[in-house]
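What follows is a set of notes on a single structure, which appears directly below.
Since the model is a prediction, treat every value here as computed from it, not as a measurement.
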Amino acid sequence: MQAKGSKLWASALNDAAPTPFWTDRPERPTPTDPLTTATQADLAVIGGGYSGLWTALLAKERDPGTDVVLVESALCGHAASGRNGGFCAASLTHGLANGMERFPDEIAQLERMGRDNLDDIEDAIRRYGIDCDFERTGEMEVATAPHELEWLQESHEGAVELGYRSELFDAGQVQNMVHSPTYLGGWWDRDGVAMLDPARLAWGLRRACLEAGVRIYEGTPVQRISKSHGGALTLHTPHGEVRAPRVALCTSAFQGPLAKVSRHVVPVYDYALMTEPLTPEQLDSIGWGRHRMGLGDASYRFHYYRLTGDNRILFGGYDAIYHFGGRVSPSLEYNEATFETLSQHFFQTFPQLDGLRFTHRWGGIIDTCGRFCAFFGSAYKGRLVYAAGYTGLGVGATRFGAEVMLDQLYGLDTERTRLRMVRSRPLPLPPEPLRSAGINLTRWSLARADSHQGRRNLWLKAMDATGLGFDS
């Protein structure tokens, strides 16, 4: 998407706070006390994002008598779980197209399980009284270049074949749904995605865990893991330790105490903007308020955007930035060049909103892997299990991943554990400097494909042939 038009995009960023909108609110919970002693548990969970919170909560649902300890280095939900776009997708495979390509024999099963998982999330939000603005709106993918129309057609046909409520729109029809001069067509998956407030979901799951009896220690990073007598594992923290026979590692893109996970996962920085609330007249000018579905364009370097409960627009994506050596730093969460690019693209998408201002701008890491969707593994003879690599689609899929990890920890043979998706893993990524060179070449190639009618060059074709990729 080429940036055009006036430079009102620059002044629109002037007052944008450099912090995630979702967590910049007074209802942010007070941290629990850190662990300062030695303790024991039946199950220890490392990480307090969605993956860890769902694992702890589901363990208590399966057996309320299970003693569960969750340790989190900061505050539960402080990272990707609290700052994402709030798209809660049914897909377990980073979209239908990716799933059909990688798991063709299982795609119908995976899609069914993913839709059931989304239903279960909706049910849990209701049962636990989690106020997170959950809206089952679906998502519409829009074409902003002619070659993308064929991709929308293929997605629509695949969705219809699986029995989903799917609608395909030409340029005139999509303009009737949402008014943007950039739209040439659209595909609306009516049921497969919900919109929600991501931080309030994380905080609600945290509250539900505490009420169920999960012991949560925040400000408690795990520095290393060792074997204990009797087959248990000990998690060593700065001022205490947890001994447990079963451990779930849920650290996402952050380097955890198990080095082998990082061979398959890279931390990629993703960025987003949040506008001030739209007036009724502004909302009417784009026509979006009637259906409120999430939106995303079909480009390789795509944007995602959605309305919040108070009619702000979150606008993110496009840049997916990897730093040499997998570097992670708070300073990398603020990329002014990317914020300016997003602002330009926002006003190209909705020129009728000239004069609208952004209140927040932020970024952070997500855990991407070569196949774009979660993978699973174990260590210490199965006493520790992990899930990682959700690649930006973890709001919904982490609950499914939590079920898988609990099945594996307790030695259960289930439909989930028999999936090839669960039993297989993506290829490991090469070490530096090859890793950085390959990722940057892939980013350049994707940008080139967007500007050349979607044609994939030899590098991208080689990545396709080996099953590797790069996405956010």
Side-chain angles (χ1 to χ4, degrees), residues 9-30 48-50 74-88 125 130-135 137 139 193-206 252 269-279 282-283 286 288-289 292-296 303-320 330-336 338-347 349-350 353 355-366 392-395 472:
W9 55 265
S11 61
L13 289 165
N14 286 347
D15 301 320
T19 190
F21 166 78
W22 306 111
T23 56
D24 186 25
R25 289 178 295 192
E27 61 264 40
R28 179 174 178 154
T30 301
Y50 294 141
L75 174 71
C76 289
H78 80 100
S81 295
R83 65 175 175 235
N84 62 78
F87 286 68
C88 186
I125 288 170
I130 300 174
D131 180 12
C132 62
D133 293 335
F134 186 92
E135 296 182 89
T137 61
E139 180 180 5
V193 181
M195 298 294 107
L196 53 76
D197 181 318
R200 285 179 176 159
L201 174 62
W203 298 339
L205 291 173
R206 176 184 182 273
S252 184
Y269 278 84
D270 181 58
Y271 298 90
L273 304 174
M274 185 71 84
T275 74
E276 61 190 345
L278 273 64
T279 66
Q282 288 171 324
L283 191 60
I286 58 175
W288 192 1
R292 302 183 62 83
M293 74 288 280
L295 292 170
H303 307 80
Y304 56 86
Y305 36 118
R306 48 77 55 93
L307 289 168
T308 66
D310 61 349
N311 291 328
R312 300 168 184 263
I313 297 177
L314 180 146
F315 193 83
Y318 190 72
D319 274 345
S331 65
L332 300 177
E333 296 173 3
Y334 310 105
N335 187 323
E336 291 304 323
T338 295
F339 294 142
E340 291 180 1
T341 296
L342 286 174
S343 183
Q344 287 177 304
H345 291 178
F346 176 88
F347 287 109
T349 302
F350 297 125
L353 296 181
L356 193 67
R357 303 181 72 83
F358 298 104
T359 62
H360 294 77
R361 66 191 192 279
W362 71 92
I365 57 171
I366 58 176
L393 232 65
V395 178
S472 65

Arg306 side-chain N/O to Gly85 backbone N/O, donor-acceptor pair under 3.5 Å:
yes
Partners meeting ring-ring contact (aromatic ring centres under 6.0 Å, His included) with Phe339 (sequence neighbours left out)
Tyr271
So how far is it from Leu342 CG to Phe347 CZ, rounded to the nearest 0.5 Å?
12.0 Å
For the pair Tyr304 and Asp270, evaluate side chain to side chain contact (heavy atoms under 4.5 Å, CB included) and give the outcome as yes or no after the intermediate values.
CA-CA 11 Å; Tyr304 56 86; Asp270 181 58; 2.5 Å; yes
pair Thr275-Phe346: side-chain heavy atoms closer than 4.5 Å
yes
So Arg361 and Glu336, do their side chains get closer than 4.5 Å, heavy atoms only?
yes
Side chain to side chain contact (heavy atoms under 4.5 Å, CB included), that's the test. Do Trp288 and Leu278 meet it? Break it down for me.
CA-CA 11 Å; Trp288 192 1; Leu278 273 64; over 6 Å; no
Counterpart residues, side-chain contact (heavy atoms from CB on, under 4.5 Å), relative to Glu340 (two or more places apart)
Trp9, Leu13
Could you tell me whether the side chain of Leu307 reaches within less than 4.5 Å of the side chain of Leu283, counting heavy atoms only?
yes
List in chain and number order the residues that pass salt bridge (charged side-chain N to carboxylate O under 4.0 Å, His left out) with Asp131, two or more places apart in sequence or in another chain; answer none if no residue qualifies.
none
With a 4.5 Å limit on heavy-atom distance, are the side chains of Arg206 and Leu75 in contact?
yes
Criterion side chain to side chain contact (heavy atoms under 4.5 Å, CB included) on Phe315 and Leu295, from CA distance to verdict:
CA-CA 10 Å; Phe315 193 83; Leu295 292 170; over 6 Å; no
Measure the spacing between SG of Cys88 and CG of Leu201 and express it to the nearest 0.5 Å.
7.0 Å
Met195 and Arg292, any side-chain heavy atoms less than 4.5 Å apart:
no
I want to check something: taking the side chain as every heavy atom from C-beta on, are Thr349 and Tyr305 in contact at a cut-off of under 4.5 Å?
yes
Side-chain heavy atoms of Pro198 within contact of Tyr50, under 4.5 Å
yes
Separation between CZ (Phe21) and NE2 (His360), nearest 0.5 Å, reads 6.5 Å
Quick one: side-chain hydrogen bond (donor to acceptor under 3.5 Å, both in side chains) partners of Arg28, sequence neighbours excluded?
none
Under a 4.5 Å cut-off applied to non-hydrogen side-chain atoms, are Ile313 and Ile286 in contact?
yes
Quick one: salt bridge (charged side-chain N to carboxylate O under 4.0 Å, His left out) partners of Arg200, sequence neighbours excluded?
Glu27, Asp133, Asp197
Arg357 side-chain N/O to Ala16 backbone N/O, donor-acceptor pair under 3.5 Å
no
Say you draw a straight line from CH2 of Trp22 to CZ of Arg83; how long is it, rounded to the nearest 0.5 Å?
14.5 Å
Shortest non-hydrogen contact from Ile365 to Ala80?
O-CB, 3.8 Å
Test side chain to side chain donor-acceptor pair (under 3.5 Å) applied to Asp319 and Thr338, step by step
CA-CA 7 Å; Asp319 274 345; Thr338 295; 2.6 Å; yes
Residues at least two apart in sequence or cross-chain that pass side-chain hydrogen bond (donor to acceptor under 3.5 Å, both in side chains) with Asp310, listed by chain then number, are Thr308, Arg312
Apply the test side chain to side chain contact (heavy atoms under 4.5 Å, CB included) to residues Trp362 and Thr19: give CA-CA distance (whole Å), side-chain angles for both, the deciding distance (0.1 Å), then the verdict.
CA-CA 5 Å; Trp362 71 92; Thr19 190; 5.9 Å; no
Heavy-atom closest pair, residues Ala199 and Arg25
CB-NH2, 4.0 Å
Look at the aromatic rings of His303 and Tyr318 and report parallel, tilted or perpendicular, splitting at 30° and 60°.
parallel
